[in-house]
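Since the structure comes first, as structure tokens, the remarks are kept for the end.
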Amino acid sequence: MRIGFASAKLKNGLHFPAGFAAHRLGSSDSGCSSLYLLYALGFSSLISEELDVMAESAACPAFRLGSPQYEQNTFLGRLRHFIDIIDPSTLFVSERRLKECIKLLDDYKHGTLPPGVSDLQLWEAQKIKQAIIHPDTGEKIFMPFRMSGYVPFGTPIVIGLLLPNQTVVSTIIWQWLNQSHNACVNYANRNATKPASTSKFLLGYAGAVTSAVSIAVGLNVLIQRANRLSPATRMIVQRFVPFTAVASANICNVGLMRHNELSEGVDVLDDKGNVVGSSKIAARNAIMETAFTRVVLPMPIFVLPPIIMSYLERLRFLQSNRRLLLPIHSAVCLLTFAVSLPVAISLFPQMSQIEVSRLEPEIAMATKCKVVTYNKGL
């Protein structure tokens, strides 16, 4: 037997069964009590569904093509955005899935979106495209050099850099591998509004690797000659050498790999997305901001693991199970790398803004906008 309920509408759009208030819990009529219980369950279900819809709407704002899902004028908003960009799961997106995402975004752009596509699906499609496709060239970024591949492909190198008792040869090898990876990541995620020649890339690469190896080897030699330091102190200090070397070399790496932007400038856009002109001042700001993130990035990676491992190595359990040191060391490096990367690149928005009054006079003459936008790169 089916029971039908009439309903009345509240001001907020919710419905409740008619006669809901006419029955009270504890009525002598057991049928009325049962009916009241059904009414209450139905009303609670409707409220729950309404709250779920409101929560989903709040969690997933209306889709905006080309704009981040989260506000970029706050650090937290940028952090949530870049956590999406560096999501390692995007490394496993198939070519077919990528094409589907690009087509979905093109359909939205041209107003031919199929019915039933939600904002959540559009945001997911844009996330996948931004993680794989370069915003300036429109081409796929090679997997190891994407920001989403930075942690998975960079962690083995970080572990090698932090291994104790490094020789000169091992220092050279690990610093070369690290700066080679960094150079390719910097180049792959640069501002590519202006073409760069292969010769300039190779020149920047050679300079970045040479500076890193020279600094690391030089510091190691100085520490080994510091006779006043005890062996334990020397080992601890030696573990901090990679941070000093990497931080210094990262500045050189960014500057040398992107020095073409300083001579050619980068495109700046008005509030409608139209190119206003090329600015060397904006290029300088972009490189300085990126270089700063490259100093912050290795700080927790190369500082925290040595501190943590120097404590863990004194534990009796690990002293009697030395084979566990490398796996634990690797896990500590992976964790700190995974946390520090989104924090570092969230310090500045990728699409940065600058006042026109701070740029070249020809830029100010070409637009009426007070603020223009440029791709800082990652």
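The chain is numbered in sequence order, starting from 1.
- A 6.0 Å sphere centred on CZ of F145 holds more than 12 heavy atoms belonging to other residues, nucleotides or ligands.
- Residues I86 and M299 fall within the same hydrophobic cluster, defined by Ile, Leu, Val, Met, Phe, Trp and Tyr side chains chained together at heavy-atom separations under 4.5 Å.
- Between L341 atom CG and T336 atom OG1 the span is 11.0 Å, to the nearest 0.5 Å.
- Remark: side-chain polar atoms of T155 are not paired, donor with acceptor, to backbone N or O of P152 under 3.5 angstrom.
- Remark: the backbone N or O of S118 is paired with a side-chain donor or acceptor of Q121 at under 3.5 angstrom.
- Pairing each heavy atom of Y205 with each of S180, the nearest pair is OH-OG, 2.8 Å.
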Audit row: H81, Q72, side chain to side chain contact (heavy atoms under 4.5 Å, CB included) steps and yes/no:
CA-CA 8 Å; H81 168 69; Q72 296 298 284; 3.4 Å; yes
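- None of R96, E95, R97 except one satisfies the side-chain contact (heavy atoms from CB on, under 4.5 Å) rule with K99; the exception is E95.
- Taken to the nearest 0.5 Å, the CE atom of M351 stands 6.0 Å off from the OG1 atom of T373.
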As a quick check of understanding, evaluate side chain to side chain contact (heavy atoms under 4.5 Å, CB included) for K127 and I85, giving each step before the final call.
CA-CA 7 Å; K127 165 189 169 179; I85 296 297; 5.8 Å; no
F348/R78 under side chain to side chain contact (heavy atoms under 4.5 Å, CB included): CA gap, chis, key distance, verdict
CA-CA 8 Å; F348 306 99; R78 293 193 295 271; 5.6 Å; no
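- Under a 4.0 Å N-O distance rule, the pair D84/R80 does not qualify as a salt bridge.
- Distance alone, capped at 3.5 Å, places no donor-acceptor pair between the Q175 side chain and the I173 backbone.
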Set out, in order, the CA-CA distance, both residues' side-chain angles and the distance that settles side chain to side chain contact (heavy atoms under 4.5 Å, CB included) for D107 and K103, then state yes or no.
CA-CA 6 Å; D107 289 343; K103 184 179 184 304; 3.1 Å; yes
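- For R64, the CZ atom sits in a packed shell: over 12 heavy atoms of surrounding residues, nucleotides or ligands are nearer than 6.0 Å.
- Between L359 and V372, the closest side-chain pair of non-hydrogen atoms falls below 4.5 Å.
- In the hydrophobic clustering of ILVMFWY residues, with side-chain heavy atoms under 4.5 Å counting as a link, F153 and V93 come out apart.
- A donor-acceptor pair under 3.5 Å is formed between the side chain of H181 and the backbone N or O of P144.
- Formation of a donor-acceptor pair under 3.5 Å by the R146 side chain with backbone atoms of I141 is found in this model.
- Checking D267 against S278 by side-chain atom types alone, a donor-acceptor pair falls below 3.5 Å.
- Side-chain atoms of Q130 and M147, non-hydrogen and from C-beta on, never get closer than 4.5 Å to each other.
- Note that CZ of F142 is 13.5 Å distant from CD1 of I132, once rounded to the nearest 0.5 Å.
- By the 30° and 60° cut-offs, the orientation of the rings of F337 relative to Y150 is perpendicular.
- Ring geometry, F63 versus W123: the interplanar angle exceeds 60°, so the pair is classed perpendicular (tilted spans 30 to 60°).
- Contact check for I354 versus N285: side-chain heavy atoms found under the 4.5 Å cut-off.
- Looking at I363 and V268, their side chains come closer than 4.5 Å, going by heavy atoms from C-beta outward.
- The structure places SG of C333 at 10.5 Å from CG of L304, a figure rounded to the nearest 0.5 Å.
- The side-chain heavy atoms of I133 and L98, taken from C-beta on, include a pair separated by under 4.5 Å.
- Hydrophobic clustering, with ILVMFWY side chains joined whenever heavy atoms are under 4.5 angstrom apart, keeps Y70 apart from I83.
- Put simply, L202 and V185 are part of the same group of oily side chains (I, L, V, M, F, W, Y) that touch within less than 4.5 Å, one to the next.
- Between the side chains of Y374 and S279, no donor N or O sits under 3.5 Å from an acceptor N or O.
- Looking at K370 and V356, their side chains never come closer than 4.5 Å, going by heavy atoms from C-beta outward.
- What you find for A131 and T90 is that their closest heavy atoms are CB-OG1, 3.7 Å.
- Here the closest heavy-atom approach between residue S340 and residue P300 is recorded as CB-CG, 3.2 Å.
- Between L113 and L122, some side-chain heavy-atom pair lies under the 4.5 Å cut-off.
- P156 approaches W174 most closely through the heavy-atom pair O-CZ3, 3.9 Å.
- Although no hydrogens or angles enter the test, the distance criterion places a donor-acceptor pair under 3.5 Å between the side chain of E360 and the main chain of K280.
- Both L65 and L104 are members of a single hydrophobic cluster when ILVMFWY side chains are connected at heavy-atom separations under 4.5 Å.
- With rounding to the nearest 0.5 Å, the separation of CD1 in I307 from CG in L312 is 12.0 Å.
- For the pair A283 and V266, the tightest heavy-atom approach, listed with the atom from each and the gap, is N-CG2, 3.7 Å.
- If you take CD1 on I128 and CG on D87, they are separated by 9.0 Å, rounding to the nearest 0.5 Å.
- Side chains of D270 and V371 form no contact here, defined as non-hydrogen atoms less than 4.5 Å apart.
- When all heavy atoms are compared, the tightest approach of A338 to V151 is CA-CG2, 4.1 Å.
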